[in-house]
Amino acid sequence: MIKLEKVYKTLGHRPILRGLDLEVKRGETLIIIGPSGTGKSVTLSHIIGLMRPDEGRVLVDGIDVGAQDKKGLEVLRTKIGMLFQGGALLNWMDIYDNVALPLREKTSLSEIEIRERVMNILEFLELKGAIHKMPSEISGGMVKRAGLARAVVCEPKIMLYDEPTSGLDPVMSRKIDSLVELLKQRYGMTSVMVTHDLVSAVNIGDKIAMLAEGKVVEYGTPQEFMQSTHPLVREFINAQFNTGKKVFHA
């Protein structure tokens, strides 16, 4: 479904991706973790076509992303939803209009059909009571959920998540994890999530890839990842434990 083949990317004379190889199978959730500045968000940008590789290929559903023109990218992006780190809601629109926006821009649905689709996803994400509120009037957790609603309202085949639990308390973080898993079950989405949250990684990931210096240094199931002897993986896990976080559900 998603494949990166020997991808290189340099930004501002600094190598970010250095021959990155990754594959995400259809219906799978891949978690990308690693230290800051190792190319995690840059990887997401390549998948959605916001960046093009200097070398190598990025294939999404069999399409070479880097070879697409503007129109080709627009078609490709109809298959992809993305939850940006801050939710990326438009501050001058209420929650209903924020979520309805991609349906109005990308589909020919009537307003009645749009309302039905929007209300269904807002109910699913427990946001029906906030439809007429502005982004500044709701909590950070609700902003994340509203951003998630907007990202999935067009029922994309692929979902990309950039730090979905960043800045949230542990209770809300676990709720976001549950919602991501529910969306996968409901729509069968193929997902790629960038996160520093090891709890999210092991709870909802089918596979975990750790990046360092623009390459994958560890890849496997959550159980395999937790048992890894790679020094960077052990350091990452130990740092999470030292903050008192519990990794696996009881």
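For this chain, numbers begin at 1 and follow the sequence in order.
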Connected to Leu90, directly or through other members, by ILVMFWY side-chain contacts below 4.5 Å are Trp92, Met93, Leu101
- request: Start with the C-alpha distance between Glu28 and Lys207, add both sets of side-chain angles, then the distance that settles side-chain contact (heavy atoms from CB on, under 4.5 Å), and finish with yes or no.
  value: CA-CA 8 Å; Glu28 190 174 70; Lys207 299 288 176 57; 3.5 Å; yes
Kindly say whether Arg57 contributes a backbone atom to a donor-acceptor pair with the side chain of Asp64 at under 3.5 angstrom? no
Requested in this report: Answer yes or no: is there a donor N or O on one side and an acceptor on the other, between the side chain of Ser228 and the main chain of Glu224, under 3.5 Å?
Outcome: no
Just so I know, are the side chains of [X] and [Y] near enough to count as touching, which here means a heavy-atom distance under 4.5 Å?
X	Y	result
Arg52	Leu73	yes
Ile31	Ile204	yes
Tyr96	Met119	yes
Val180	Thr29	no
Val199	Ser173	no
Arg104	Glu111	yes
Met142	Arg145	yes
Ile208	Val202	yes

Residue set satisfying side-chain contact (heavy atoms from CB on, under 4.5 Å) with Glu163, at least two apart, ordered chain then number -> Gln85, Ser166, Val194, Thr195, His196
To the closest 0.5 Å, what do you measure between [atom1] ([X]) and [atom2] ([Y])?
X	Y	atom1	atom2	answer
Asp94	Lys133	CG	NZ	12.0 Å
Glu23	Leu59	CD	CG	9.5 Å
Leu160	Met82	CG	CE	5.5 Å
Ile47	Ile158	CD1	CD1	8.0 Å
Leu103	Glu116	CG	CD	11.5 Å

- Query: Yes or no on side-chain contact (heavy atoms from CB on, under 4.5 Å) for Tyr187 and Met159, after CA distance, side-chain angles and deciding distance?
  - Reply: CA-CA 10 Å; Tyr187 297 111; Met159 267 301 301; over 6 Å; no
Check step by step if side-chain contact (heavy atoms from CB on, under 4.5 Å) holds for Asp61 and Met1. CA-CA 5 Å; Asp61 205 16; Met1 188 68 174; 3.8 Å; yes
Out of curiosity, does Tyr8 fall in the hydrophobic cluster containing Met51 (side-chain heavy atoms, cut-off under 4.5 Å, transitive links)? no
Tested for side-chain contact (heavy atoms from CB on, under 4.5 Å) against Val216, the lone hit among Ile32, Asp21, Leu4, Leu20 is Leu20
So for atom NZ, which belongs to Lys79, do other residues, nucleotides or ligands contribute more than 12 heavy atoms lying within a distance under 6.0 Å? yes
Contacts satisfying side-chain hydrogen bond (donor to acceptor under 3.5 Å, both in side chains) that involve residues 120-131 (not counting sequence neighbours) are none
- [ ] Applying side-chain contact (heavy atoms from CB on, under 4.5 Å), run through Leu89 and Arg150 and close with a yes or a no.
- [x] CA-CA 9 Å; Leu89 299 179; Arg150 189 178 63 183; 4.2 Å; yes
Between Lys175 and Asp169 (salt bridge meaning N to carboxylate O under 4.0 Å), is one present in this structure? no
* Test: Asp162 and Lys40 ion pair at under 4.0 Å -> no
